[in-house]
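The structure appears below as structure tokens.
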Amino acid sequence: MSVKGMPQILIIDDRITNQRILARLAESVEPGVSVRAFGDPLLALAWLETHDVDLVITDFKMPNLDGAEVTRRLRAMPRTADVPIVVVTVYDDRQFRLLALEAGATDFLLAPVDHVEFRTRVRNLLALWRHQVAARRQAERLRLDLEASERLRIDLMRESREALGQLIDTVPAMISAADAEGRVVFVNAAQAAAVGLSPDDLVGRDVTGLFGAERGALARTLHAQVFAEGDALPGFEEAMVRHDGVRLDLYTTKAPLRDAAGRVSAVLSTSIDITDRKRAEERLLHLAQHDPLTALPNRAYLGDRLRERCGHGRRSKDRFALHFLDLDRFKAVNDALGHQAGDRLLVQAARRLQAVVREGDVIARLGGDEFAILQQDIADASDAEHLAGRVLEAFRKPFRIGGRNISVSASLGITLYPADATAADELLRNADLAMYHAKAAGRLGFGFFRTEMDAAAQQAMRLEGELRHALTYRAFDLVWQPQVSLHTGRICGAEALLRWQHPQRGIVPPAQFLHLAEETGLIAPITEWALAAACAQGVAWAERRPGGLRVSVNLSPSLFATRDVHDMVLDALAVSGLDPTLLDLEITERVLVDKVDQVAATLHALREIGVTFSIDDFGTGYSSLAYAKSFPVQRLKIDQTFIARLDSDRADAAIVGAIISLARGLEMQAVAEGVETAEQVAALRRLGCDEVQGYFLREPITAGELTAMLDADIVHLAAG
Ligand code: C2E
Ligand code: MG
Ligand code: MG
């Protein structure tokens, strides 16, 4: 509606009278109606270019434009395209009416106009027009509302897409998508930065531009799989070289992207940088596989490599050698110069080894002073022998440590693959055995594995198991050998000798198992048992015989290295209640040479409470006689080898005589072992020996048998 809602009616009529009549009528239709009248239709049309009207009333017959033409032109103008137009005609203007209708007229009025009809028609047309305008405005408002909300939606979408894009750009992952043709359709900032280009440079290009030739080829294969199967691929690790040359480790996943119809339209690749994690893993692996001191591979690493080689080797024809190397006097160096010096020696030893092996060979430190060399691709045993020679040669020059020259030789055991064994653990055991044999043999310094070694080792293993079993099931026993005084001719003591009741082999003498017991540490519980049994027997004899009977127990040298002998002996005495002066402990010269101070302290402490000591097998060891003086020793037991040749060998007779006078000089007793004949007894008496022990009486007997002898108080030897 035109100005302020007031209806505006336009009247076009070439006759002034009609204009006035129509204007007056129009003004009377409603209060507030404003009327504009034109005589010239062209002027009216011109005016309408800038004015709105709500109703046009035009005469049909006019000089320059008729009502039909006016109507046509009004309809062509935007302002009046829909405005009601009433054309005034006379009765016989049927023809004109038709023309006006065709031109778009809304209604007709007959001239001369009937006032009532005019007002009614005009009022109705105005009302209709108002409706129309209102409806149109509402529609317009709706349209505008719709448009606004659509704009908002588009804005929101753009914003959220931007936000998503930003989000994807800030994610610390390389994200890209490629279509079925292998073209990049999307790249995030991280992925583009890794390539050193902008996302715009990459989109539309082939994936090889993004991933590089190798990863690109792999990506194509994997993408084809995703397109074909429509499923995400399990994540996998791969490596890439960043544009600046830095190598990165990635964890990559590939997943399908689907379009609205659910078809796979692209493959989304997401890679996260796991370089740090991989480095940490590698470091941990390195630590787990290397020795921190020498930085050499360790036993675990060697085992892995060996198993690997054994796996390959069975199919291929290659051969290799495994060398085990043990430094010969390392423990002594460690004890004498301290652990730091020992460590430095090991590091230098490792460097020397590295200098003699070929590239590709593996040197490992197995622990302590043990090393191994995996010598790759040998033609035959002589190659291994050559390397062993070079290694031993490398150790011939002394090591320079803390300003001192220290000579340390090495022993080497060699086993060959596949000749000796085809399994890693077998090879390791073979080389170890060969090394032990080489060490025991001395001289050469190295030796090859032989199958007999394995048999011996297996027997030792079986024996160890049986020994443990024997300890648990108390299969040990003591037999006794009386010692007779050459002064009184009476039994003055008895030595306890260990026996093992083996279920199959019968009675096993100590020589056959003591060595193994010492190696395995089983000697400690065995000795505890022997001490307890001997002390208990000593108590039984003390109860039967006034003054009691001295009982002697043998102590292995290895006990002094590992166990607290002092506590062990005190325990046995305490539990049994034996008078300590009735306990004699036999030790060998070897004990006195090793760990002097520690052993001396133990012996003196036990001597304080009355325990006595004998040096067993005297004359076979290397102790200087002065040693014997500084230890609280009461007896020297002359080794049976000298006694056996007493009759035949004058030199041995001289030695025995010397030992006896030495004993006297040191205020010790001389005891002869292994005495078998009456002649030997006589000779020993002449030489001034104090006590004898041996088969001349009987072979070792049971405690019961010895008790019977004591009860009878048999005197076998006439006092001298
Ligand atoms: P040993 O202490 O020198 O013991 C003497 C060995 O010579 C004993 O052998 C004994 O049976 C043997 N023997 C004694 N008189 C004669 C003789 O007239 N002629 C000959 N041919 N041999 C004689 P056995 O019992 O086989 O013991 C061997 C070694 O085993 C002992 O030598 C001792 O060093 C060790 N031993 C024995 N029992 C124990 C023990 O309980 N603990 C430890 N640690 N070692 C023990
Ligand atoms: Mg003995
Ligand atoms: Mg002996």
Side-chain angles (χ1 to χ4, degrees), residues 467 470-471 474-484 493-502 505-538 550-563 565 568-569 572 583-591 612-621 633-647 671-681 683-684 689 691-703 705-706 716:
L467 260 186
L471 256 176
R474 307 191 173 283
F476 292 110
D477 206 358
L478 290 180
V479 290
W480 296 89
Q481 186 162 44
Q483 296 163 331
V484 178
E495 180 180 2
L497 295 166
L498 189 63
R499 296 291 179 266
W500 175 14
Q501 288 284 338
H502 191 280
R505 287 194 274 160
I507 291 169
V508 184
Q512 289 181 24
F513 62 86
L514 278 180
H515 182 68
L516 187 70
E518 286 180 12
E519 256 183 20
T520 55
L522 286 171
I523 189 67
I526 290 175
T527 304
E528 274 169 15
W529 176 86
L531 271 170
C535 287
Q537 189 57 57
R550 190 184 70 216
V551 291
S552 297
V553 179
N554 293 281
L555 293 185
S556 283
S558 70
L559 284 171
F560 287 87
T562 55
R563 285 289 288 235
V565 174
M568 213 187 250
V569 174
L583 181 63
D584 175 68
L585 298 175
E586 296 192 6
I587 55 177
T588 67
E589 290 167 291
R590 209 146 46 94
V591 174
T612 61
F613 292 94
S614 304
I615 296 185
D616 206 353
D617 308 334
F618 192 83
T620 57
V633 173
Q634 283 66 53
R635 270 171 290 276
L636 294 184
K637 295 188 75 177
I638 307 164
D639 191 74
Q640 49 184 288
T641 50
F642 300 111
I643 308 301
R645 289 176 299 192
L646 201 54
D647 314 317
V671 183
E673 281 192 283
V675 180
E676 295 186 346
T677 65
E679 289 76 26
Q680 287 167 349
V681 175
L684 287 163
C689 187
E691 297 174 11
V692 289
Q693 168 182 357
Y695 291 176
F696 78 93
L697 276 175
R698 280 167 86 171
E699 290 196 10
I701 52 180
T702 64
E705 287 169 319
L706 183 53
H716 289 265

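Order of listing sets the numbers, starting from 1, for every ligand and every atom in it. The model shown is predicted, which means the values in this text are computed figures rather than measured ones.
Residue contacts with ligand 1, taken as heavy atom pairs separated by less than 4.0 Å, involve Val675 solely via the backbone atoms N, CA, C and O. In Gln481, the part holding a heavy atom less than 4.0 Å from any atom of ligand 1 is the side chain. Residue Leu514 touches ligand 1 through its side chain alone, judged by heavy-atom distances below 4.0 Å. Under 4.0 angstrom from ligand 1, the non-hydrogen atoms of Glu673 all belong to its side chain. Only the side chain of Pro700 comes within 4.0 Å of ligand 1, judged by heavy-atom distances. If you look at Glu699 next to ligand 1, there are no close heavy atoms at all, none under 4.0 Å. By the criterion of a heavy-atom distance under 4.0 Å, the side chain of Asp616, and not its backbone, is placed next to ligand 1.
Within ligand 1, the atoms closer than 4.0 Å to a non-hydrogen atom of Asp617 are 3 (O), numbered from 1 in the order shown. Every atom of ligand 1 with a heavy atom of Glu495 under 4.0 Å away is listed here by number and element: 1 (P), 2 (O), 4 (O). Near Leu497, with a cut-off below 4.0 Å to any heavy atom, the atoms of ligand 1 are 4 (O), 8 (C), 10 (C), 11 (O), 25 (O), 37 (C), 38 (N). Near Glu586, meaning under 4.0 Å from any of its heavy atoms, are these atoms of ligand 1: 2 (O). Close contacts between ligand 1 and Glu676 involve ligand atoms 17 (C), 18 (O), 19 (N), 20 (C), 21 (N) [criterion: under 4.0 Å to a heavy atom]. Against a heavy-atom cut-off of under 4.0 Å, Gly674 is close to the following atoms of ligand 1: 15 (N), 16 (C), 17 (C), 18 (O).
The residue among Ile643, Asn554, Ile526, Val553 with a heavy atom at the shortest distance from atom 43 (C) of ligand 1 is Asn554. In the candidate list Pro510, Ala517, Pro509, Pro510 is nearest to atom 37 (C) of ligand 1, counting heavy atoms.
At least one N, O or S atom of Asp616 sits under 2.8 Å from the Mg ion (ligand 2). At a cut-off of 2.8 Å, Asp617 does not coordinate the Mg ion (ligand 2) through any N, O or S atom. None of the N, O or S atoms belonging to Ser614 lies under 2.8 Å away from the Mg ion (ligand 2).
Looking at Asp617 and Thr588, their side chains never bring a donor and an acceptor atom within 3.5 Å of each other.
Counting heavy atoms from C-beta outward, Val551 and Gln537 have side chains that stay 4.5 Å or more apart. For the pair Met568 and Leu559, the minimum side-chain heavy-atom distance is below 4.5 Å. Using a 4.5 Å heavy-atom threshold, the side chains of Leu684 and Ile643 count as touching. Residues Ile526 and Leu467 meet the side-chain proximity criterion, which asks for heavy atoms closer than 4.5 Å. Looking at Pro482 and Leu697, their side chains come closer than 4.5 Å, going by heavy atoms from C-beta outward. A 4.5 Å side-chain heavy-atom check between Leu498 and Trp529 finds at least one atom pair inside the cut-off.
Of the polar atoms of Arg499, at least one N or O is found under 3.5 Å from an N or O of ligand 1, judged by distance alone.
From Glu673, atom CD reaches atom CG of Leu636 across 11.5 Å, with rounding to the nearest 0.5 Å.
Here the closest non-hydrogen pair linking Gln483 and Ala494 is OE1-N, 3.7 Å.
Within 6.0 Å of atom CZ in Arg474, 12 or fewer heavy atoms from other residues, nucleotides or ligands are found, so the atom counts as exposed in its surroundings.
Closest to the Mg ion (ligand 2) among the N, O or S atoms of Glu495 is OE2. Distances from the Mg ion (ligand 2) to the N/O/S atoms of Glu586 are shortest for OE1.
Exactly one of Glu495, Gln693, Arg698 qualifies for a side chain to side chain donor-acceptor pair (under 3.5 Å) with Gln481. That residue is Gln693. Test Arg550, Arg635, Gln634 against Asp584 for side chain to side chain donor-acceptor pair (under 3.5 Å) and you get one pass: Arg635.
By the 30° and 60° cut-offs, the orientation of the rings of Phe476 relative to Trp500 is tilted.
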